[in-house]
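Counting convention: from 1, in listed order, for ligands and their atoms alike. All heavy atoms count here, side chains included; hydrogens, waters and symmetry mates do not.
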Amino acid sequence: MQTYRKPNGRLEGLEPYDPKYLPAECMMSANENPSNIDEDIQIQIRKRMKSLQFNRYPDPLANKLRTAIANANGLEKENILIGNGGDELLFNFALAWGGPGRKFLNVPPTFSVYENNALLTGTEVVNIPRKEDFSIDQEAVLERVAQGDIDYIIITSPNNPTGQLADEGFISTLLSSTDALVMVDEAYGEFSRTTMRPYLAMHKNLVLLRTFSKAFALAGVRLGYILAHEDVIREFIKVRQPYSVDAISQMVGLTVFENRARFSNDIADIIDGRDYLFGRLSEMEELTVFPSDSNFILVRVDDAHEMWEGLYKRGVLVRDFSHSAGLENCLRISVGTPEENEKLISAIQAVLKERRFGDGF
Ligand code: PMP
């Protein structure tokens with residue numbers, strides 16, 4: 001068989017991103033909204049689907065959705081860019097501000113896609129690890145940024161997978177101390193009810209990332225967006241795939257966005273679920289439970305991988321981070337429906353009981 005020429009050397013040693021998504025009765029691993037969009041909204045979508053022109057290319061910039069998001073945020077559509085999930089915009093960020101000879105400042109443990117994108121684009125990664133409690137080492141970040149050679153930074157707030165918000169005062173200081181582009185990834189912002197949106201007026205180097213995948217229950221559709229100064233948006237547009245956001249996604253996104261007020265009960269339920277889970281998990285002395293401002297909770301437990309297996313055997317899929325740097329023995333649990341939360345608690349209790357007394361009890 002004819003062999004093939006090796007790909008770009010940057011791919012050597014790069015692991016493809018693996019969401020470790022397996023079928024389970026309780027899907028609590030991917031930080032999705034546990035409930036599908038309302039039947040009512042689904043009916044509106046089906047109606048609009050009937051007049052969709054499948055034969056035509058979509059509007060490359062999804063201007064209807066762009067305008068709706070701009071209006072809701074008191075901005076112009078030129079301040080918004082829609083992407084095929086936040087993931088696409090993260091890749092575009094690395095393409096536009098990274099590259100050979102350029103530097104990305106990362107604060108791990110955090111969303112691993114950032115570092116992968118940097119490696120793919122030949123960008124040097126400058127890691128400033130978080131402290132023991134997963135808070136950002138603010139002094140170290142500011143000190144490193146003061147050297148003046150960082151091109152872009154991503155601060156995730158609330159952070160995935162650790163759960164906590166970044167300090168607003170720190171982000172504000174960071175924005176003023178550098179001309180590096182600072183992305184604040186607010187993928188989980190609806191669950192903390194915070195945003196850095198007001199700072200856009202003062203800082204041309206601020207980019208906010210948001211997604212429809214979490215609070216707005218559209219992980220299956222692939223829609224995310226950024227808010228930024230129009231000059232910054234123009235740079236993102238240069239590197240994007242022209243038709244990355246298809247016509248169906250644009251229409252579904254617009255329909256959901258128009259109905260966004262109806263998600264506030266869901267969001268409140270998820271926040272209540274998180275606080276409930278935090279309380280129940282904190283009662284289990286074998287677990288270290290990290291406080292969360294998001295729709296998931298990180299826990300540390302001895303032999304975490306074995307715990308993951310025990311939960312999966314009982315129908316509950318959570319995310320195993322026990323082999324990730326800085327997250328030894330950590331599992332991330334997405335908040336589910338009240339029933340799923342109860343199943344998770346029972347499953348953890350069962351595994352812990354088995355550990356204490358062995359299988360025979
Ligand atoms: N940012 C963070 C912190 C995330 O956790 C995710 C999804 N896991 C994303 C961005 C991207 O989400 P999506 O591509 O579904 O919009």
So for ligand 1, is Y114 a polar contact partner (N or O within less than 3.5 Å, distance only)? no

Between W308 and F321, ring centroids under 6.0 Å: no

Presence of salt bridge, K204 and D179, under 4.0 angstrom: no

Any V245 side-chain heavy atom under 4.5 Å of R240 side chain: yes

Per-atom contacts, ligand 1 versus T211 - under 4.0 Å to a heavy atom: 13 (P), 15 (O), 16 (O)

Aromatic ring pairing Y152/F104, orientation class (parallel under 30°, perpendicular over 60°, tilted between): parallel

Should the pair K343-E340 be classified as a salt bridge under the 4.0 Å nitrogen-to-oxygen rule? no

Starting from atom 11 (C) of ligand 1, find the nearest protein heavy-atom neighbour and note its residue, name and distance. D87 OD1, 3.3 Å

Numbered atoms of ligand 1 (with element) below 4.0 Å of K214, judged on heavy atoms: 7 (C), 8 (N)

For residues 304-328, which residue pairs qualify under salt bridge (Lys or Arg N to Asp or Glu O under 4.0 Å), counting only residues two or more places apart or in two chains? E306-R355, R314-E354

Which atoms of ligand 1 are found less than 4.0 Å from any heavy atom of Y188? 3 (C), 4 (C), 5 (O), 8 (N)

Are D149 and R144 ion-paired here, with the side-chain N under 4.0 Å from a carboxylate O? yes

Could an N or O of ligand 1 be found under 3.5 Å from any N or O of T156, whether backbone or side chain? no

Distance from atom 9 (C) of ligand 1 to nearest protein heavy atom, with residue and atom: F111 CE2, 3.5 Å

Please list the nearest protein heavy atom to atom 14 (O) of ligand 1 with its residue and the distance rounded to 0.1 Å. R222 NH2, 2.7 Å

V113, D185, L209: member with heavy atom nearest to atom 2 (C) of ligand 1: D185

Check ligand 1 against G85 and write out every atom of the ligand that is under 4.0 Å from a heavy-atom position of the residue. 14 (O), 16 (O)

Using 30° and 60° as the class boundaries, would you call the ring planes of F191 and Y188 parallel, tilted or perpendicular? tilted

Distance under 4.0 Å to a non-hydrogen atom of S213: what atoms of ligand 1 satisfy this? 13 (P), 15 (O), 16 (O)

N/O separation below 3.5 Å, G86 to ligand 1: yes

